[in-house]
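Read the structure below first, then the notes.
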Protein chains: 2
Amino acid sequence: MDGDTRDKIREVALELFSTRGFDQTSLREIAERVGLTKASLYYHYSSKQALLSAIVAPLVDGWQEVLDFASNQPHTPAAVRDVLARILDVMLDNRSLVGIFMRDPAGVVAAAESIWQDMIDMGNQLATWLAGPAPTTAEQLRAIAAMEVLGAALSASAYLKEEVSDEEMREVLLDSALGAMRL
Amino acid sequence: MDGDTRDKIREVALELFSTRGFDQTSLREIAERVGLTKASLYYHYSSKQALLSAIVAPLVDGWQEVLDFASNQPHTPAAVRDVLARILDVMLDNRSLVGIFMRDPAGVVAAAESIWQDMIDMGNQLATWLAGPAPTTAEQLRAIAAMEVLGAALSASAYLKEEVSDEEMREVLLDSALGAMRL
DNA sequence: GTCTATAATGGGATAGAC
DNA sequence: GTCTATCCCATTATAGAC
C-alpha cells in the first residue's frame, strides 16, 4: 500500500504549483522535496500534465457540484445568495488549488488546455445561471463581477497584513458579491 | 531614426505576452513575427526582462497618476467613485498590458520580481485609500473586492460571446464596484 | 543593424539495472 | 519502486562577420 508516495508527490506539487506557479516548478524540484529522483516521479505519474490533472480533480468536482445544485434552483434572490455562498465555499476549501489557476493561467493552458477549458466552461455556466434567464448585457457583466468578488478571498492575503478568518471572509464577500449585483 | 524597429518589437511582444503569456512567448517567436532574427532583438533590448520593463512602463505610469490623484482627495463617496472610475479607465486603456499580469503572474514574478512588486504596492495603496481612514477588516475586504470587480473588464471577453462597448462596461462596472462596497 | 553560428543551461521524458 | 545515465529539445544569451 504505497499510495503514500503518490499522495506525498501530490501534496508537494500542489504547494509548489500554487506558490511558484505551474510552469516555474520543475519536476526536479518536486522530486527533491519528496526525497526522490525525477525518474521515480514518472513511475507514479506519466507526465507533468497527468500530475496536474490529478491535483486539480477535487476542484473540478467541487465546481460541478455547485453547478448541479444551481441547475435545479429557480432564479430567486435567495437562491442566488445560496449559490454564491457555495461558490465561495469551494474557493475557500480549495484555496491553493484555485491559486494554481490564478498564478499561472498561461502555463496551465499551455500544458493542459482541456483542463483550463473545463474550468472556463464551468465558470461560464455559473455566471450564466447567476445572470438569470434572458439577461441583459449589464446583468451578465454584474454576474461576472460578482464572481470576481469571490476571487478576492484569494488575493486578499497578498494585500492584507493581518489574517482574516474564513467566517468573516464568507460573510463580507458574500454580501459584497450581492452588492456587485445590486441585490 | 530607427526607433521604428524598437517600437515594432514592443508592439509584437505586447500582443504575444498578453495572449500566450510572458513565459510561453519565446524571443524566437517575437523575432520571427517582426521579421528579424533572435540575435537582432538583443541589439534593441538587452534581455527579455528589459523588453518587459519597456512594455510595462505606460501602465505603471497610469497607476501612479491615479495614485497621486487619490492622495490629494478627501475620502468622500464622490471621490471614491471618481477614483474607481479612473482605475477602470487605466485598465481599459491598457487592456492587453493588464492582461500580461493576469495571464502569467508567476512568469512575471520569476523574470522581474521588482516590476511585480511595484504593481502589488500600487494596488495595495489604492486599496488602502479606497478602504478609507482607520478601516475595519470588512472595509478593507470590500475595497479589494471593488478592485476585483474592475478586473471583470478584462475577463469579460473570455466569458461573453457578444462584444460589450467600453461605455457600457464603464457604467456597469463602476456601479457594480460601488455596490461591492455597499455605496 | 542585422546576420550566422554557437555556447550554456535547464527542462521533460525514457532506458535499463537493481 | 527507485535508481543512474542519457536523450532530445527549446530557451536565453553571446561572439564575431558583414
Side-chain angles (χ1 to χ4, degrees), chain A residues 1-56 100 103-104 106-116, chain B residues 1-56 100 103-104 106-116:
Chain A
M1 44 152 81
D2 229 12
D4 283 4
T5 305
R6 266 184 85 90
D7 291 349
K8 178 79 178 168
I9 293 172
R10 274 216 335 266
E11 278 169 32
V12 170
L14 170 56
E15 197 201 320
L16 289 175
F17 287 167
S18 61
T19 53
R20 290 212 207 309
F22 176 72
D23 236 70
Q24 280 64 36
T25 304
S26 71
L27 296 178
R28 186 196 53 75
E29 202 172 356
I30 296 171
E32 208 165 66
R33 287 221 193 180
V34 177
L36 290 175
T37 60
K38 229 179 12 165
S40 296
L41 286 191
Y42 280 89
Y43 175 82
H44 297 282
Y45 294 96
S46 62
S47 71
K48 197 183 181 186
Q49 170 176 352
L51 178 54
L52 177 64
S53 295
I55 289 174
V56 140
I100 294 180
R103 290 296 277 175
D104 188 12
V108 173
V109 170
E113 187 158 8
S114 67
I115 292 179
W116 178 257
Chain B
M1 47 152 81
D2 229 12
D4 282 4
T5 307
R6 267 184 82 91
D7 292 348
K8 177 79 177 168
I9 293 171
R10 275 217 335 267
E11 277 168 33
V12 170
L14 170 56
E15 198 201 319
L16 288 174
F17 287 168
S18 62
T19 52
R20 290 214 207 308
F22 175 73
D23 236 71
Q24 279 65 36
T25 304
S26 71
L27 296 178
R28 185 195 52 75
E29 203 171 356
I30 295 170
E32 209 164 67
R33 288 220 194 181
V34 177
L36 290 176
T37 60
K38 229 180 11 165
S40 297
L41 286 191
Y42 280 89
Y43 176 82
H44 298 280
Y45 294 96
S46 62
S47 70
K48 196 182 181 186
Q49 169 176 352
L51 179 54
L52 177 64
S53 296
I55 289 174
V56 141
I100 294 180
R103 288 296 277 174
D104 187 13
V108 174
V109 170
E113 187 158 9
S114 68
I115 292 178
W116 179 256

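Owing to the predicted nature of the structure, the values given are computational and were not obtained by experimental measurement. Scope of the values below: all heavy atoms of this structure, side chains included, with no hydrogens, waters or symmetry mates. Convention: sequence-line order gives letters A, B, ...; per-chain numbering from 1.
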With sequence neighbours excluded, residues passing side-chain hydrogen bond (donor to acceptor under 3.5 Å, both in side chains) with [X]:
| X | answer |
| --- | --- |
| A:S46 | none |
| A:S53 | none |
| B:Q24 | A:D23 |
| A:R33 | none |

Worksheet item: By a strict heavy-atom criterion of less than 4.0 Å, which residues belonging to residues 8-20 of chain A are in contact with DNA chain D?
Response: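 Contacts with DNA chain D under 4.0 Å: none.
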
Worksheet item: Could you give all pairs that pass the side-chain hydrogen bond (donor to acceptor under 3.5 Å, both in side chains) test and reach residues 11-20 of chain B, with sequence neighbours left out?
Response: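 Pairs touching residues 11-20 of chain B that pass the test: B:R20-B:E29.
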
Fill in: D:dT2 OP1/OP2 closer than 4.0 Å to side-chain N/O of A:T37
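A:T37 to D:dT2 OP1/OP2: no side-chain N or O under 4.0 Å.
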
Worksheet item: Is the shortest side-chain N/O distance from B:Y43 to OP1 or OP2 of C:dT2 below 4.0 Å?
Response: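 So the side chain of B:Y43 is outside the cut-off, no N or O lying under 4.0 Å from OP1 or OP2 of C:dT2.
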
Discussion item. Please report the distance, rounded to the nearest Å, between CD in B:Q24 and C1' in D:dA10.
Written reply: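 Spelled out: CD on B:Q24 to C1' on D:dA10 is 13 Å.
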
Worksheet entry | Whole angstrom value for the distance that separates P of D:dT4 from CG of A:L41 |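 It is 13 Å, rounded to the nearest whole Å.
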
Worksheet item: Does B:L36 reach the side chain of B:T5, with side-chain heavy atoms less than 4.5 Å apart?
Response: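 Result yes, sub-4.5 Å side-chain heavy-atom pair found.
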
Worksheet entry | side chain to side chain contact (heavy atoms under 4.5 Å, CB included) against A:A54, all qualifying residues, sequence neighbours excluded |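 Side chain to side chain contact (heavy atoms under 4.5 Å, CB included) list for A:A54, sorted by chain: A:R10, A:Y45.
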
Item to complete: Quick one: list whatever passes side chain to side chain contact (heavy atoms under 4.5 Å, CB included) with A:Y42, sequence neighbours left out.
Response: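 For A:Y42, the residues satisfying side chain to side chain contact (heavy atoms under 4.5 Å, CB included) (neighbours in sequence not counted) are A:L27.
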
Practice prompt. Going 5' to 3' through nucleotides 11-18 of chain C, assign each nucleotide B (protein heavy atom under 4.0 Å from a base atom), S (under 4.0 Å only from sugar-phosphate atoms) or - (no protein heavy atom that close).
Written response: SBBBB---

